[in-house]
Amino acid sequence: MKVNKYLIITIVILAAELAVVLWLGLTLPAGAKVPVHWNIRSEIDGWASPGAVMLPFWLFNAALFLLLSFSPRLFPVYKQNRERYDAVIPPLTLVLVLFFALIHVYMLLVAHHPRLEQKVQFIFILMGALFICLGNLLPRLPRNFIAGIRTPWTFYSDEIWRRTSRLGGYCFVMAGLVLALAGLLNLRGSWMSILLAAVFGTLLLVPVAYSFILYQKSRKEE
């Protein structure tokens, strides 16, 4: 698939998101509240009016699309790795925009049908799918100051960046599978808190520690 096709699909997603959320939001009964935040126990703890959710959330997604699509071209590192960036940034943009669009629509659907949220943890299924996609894209990113696993040690060499990104990709995929399974099993409460702490702790600590180990090994070899 060519780069411009990713951009076209992303624009179509944004247009569809706007149409769907306007329809869902404008058909809500007076006084309805829309969930906007889930805590670590997978419980809804934040609500907003439909008017505060429809356009502001869509504008955020549109701004994200513009930022990811065009801002990398302003950095010198983009010109140095243009082909690799053009192979990664468009699908990454599509994945993130689709994720936030689905979250946006889901929030309004829950406002229409509150019991929908009680059956399956759709938020965590989406998060799992997002992590799996990011895990597959992460190893393809060239060394840069914008995105990826950026530690003082991954910037030491392209080899450390590449190997750390590959391990980080595996961690993201495994974390995504765990989150999606937890969502399907409708895991809640303290068990979900423990699971999320373990998942995000692994994502944070394992690649960072691995990059440091590779750095120390590289220094000794030199």
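Counting begins at 1 with the first residue of the sequence.
- Using a 4.5 Å cut-off on side-chain heavy atoms (C-beta onward), Val36 and Ile44 make no contact.
- Residue pairs meeting the side chain to side chain donor-acceptor pair (under 3.5 Å) criterion with at least one partner in residues 21-35, sequence neighbours excluded, are Thr27-His112.
- Of the possible polar contacts, one joining the Thr154 side chain to the Ile149 backbone as a donor-acceptor pair under 3.5 Å is found.
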Taking it one step at a time, do Phe100 and Glu17 satisfy side chain to side chain contact (heavy atoms under 4.5 Å, CB included)? CA-CA 9 Å; Phe100 285 113; Glu17 176 194 359; 5.9 Å; no
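- Under the 3.5 Å distance criterion, with hydrogens and angles disregarded, a donor-acceptor pair is assigned to the side chains of Thr151 and Ser211.
- Leu28 and Pro50 make their closest contact through CD1-CG, 3.6 Å (heavy atoms, listed as atom of the first residue, atom of the second, distance).
- Pro91 places a side-chain heavy atom less than 4.5 Å from the side chain of Leu137.
- Between Pro35 and Val110, the closest heavy-atom pair is CG-CG1, 3.7 Å.
- Taking 4.5 Å as the limit, every side-chain heavy atom of Trp47 sits out of range of all side-chain heavy atoms of His37.
- Using modelled atom types, one side-chain atom of Thr93 and one backbone atom of Ile89 make a donor-acceptor pair closer than 3.5 Å.
- Proximity of Phe65 to Asn61: side-chain heavy atoms (C-beta onward) are nowhere separated by under 4.5 Å.
- Note: the hydrophobic cluster containing Leu92 does not contain Tyr170 (ILVMFWY, side chain heavy atoms under 4.5 Å, direct or indirect links).
- The two residues Thr164 and Pro207 have their closest heavy-atom pair at CG2-O, 3.6 Å.
- Cluster membership check: Ile194 does not share its hydrophobic cluster with Leu204, using side-chain heavy-atom separations under 4.5 Å among Ile, Leu, Val, Met, Phe, Trp and Tyr.
- The salt bridge (Lys or Arg N to Asp or Glu O under 4.0 Å) check on Arg166 picks up nothing, with sequence neighbours excluded.
- The two atoms that bring Tyr156 and Ser218 nearest to each other are CE2-OG, 3.6 Å, heavy atoms only.
- For the pair Leu14/Trp58, a side-chain contact is recorded, criterion being any heavy-atom separation below 4.5 Å from C-beta on.
- The shortest heavy-atom contact between Val199 and Ala175 is CG1-CB, 3.6 Å.
- Considering only heavy atoms from C-beta on, Met54 comes within 4.5 Å of Leu22 through its side chain.
- Cluster membership for Leu181 and Leu126, using ILVMFWY side-chain heavy atoms within less than 4.5 angstrom, is not shared.
- Under the 3.5 Å distance criterion, the side-chain polar atoms of His104 are matched with a main-chain donor or acceptor of Val53.
- A distance-only check finds a donor-acceptor pair linking the side chain of Trp161 to the backbone of Leu141 [under 3.5 Å].
- Looking only at side-chain heavy atoms (C-beta outward), Val20 and Leu108 stay at 4.5 Å or farther from each other.
- In this structure, Val173 shares a hydrophobic cluster with Ile132, Met174, Leu177, the cluster being traced through Ile, Leu, Val, Met, Phe, Trp and Tyr side chains under 4.5 angstrom apart.
- For the pair Leu94/Leu7, no side-chain contact is recorded, criterion being any heavy-atom separation below 4.5 Å from C-beta on.
- Across Pro139 and Ser165, no two heavy atoms sit closer than the pair CG-O, 3.7 Å.
- Ring orientation note: the planes of Phe131 and Phe200 are nearly perpendicular, at an angle over 60° on the 30°/60° scale.
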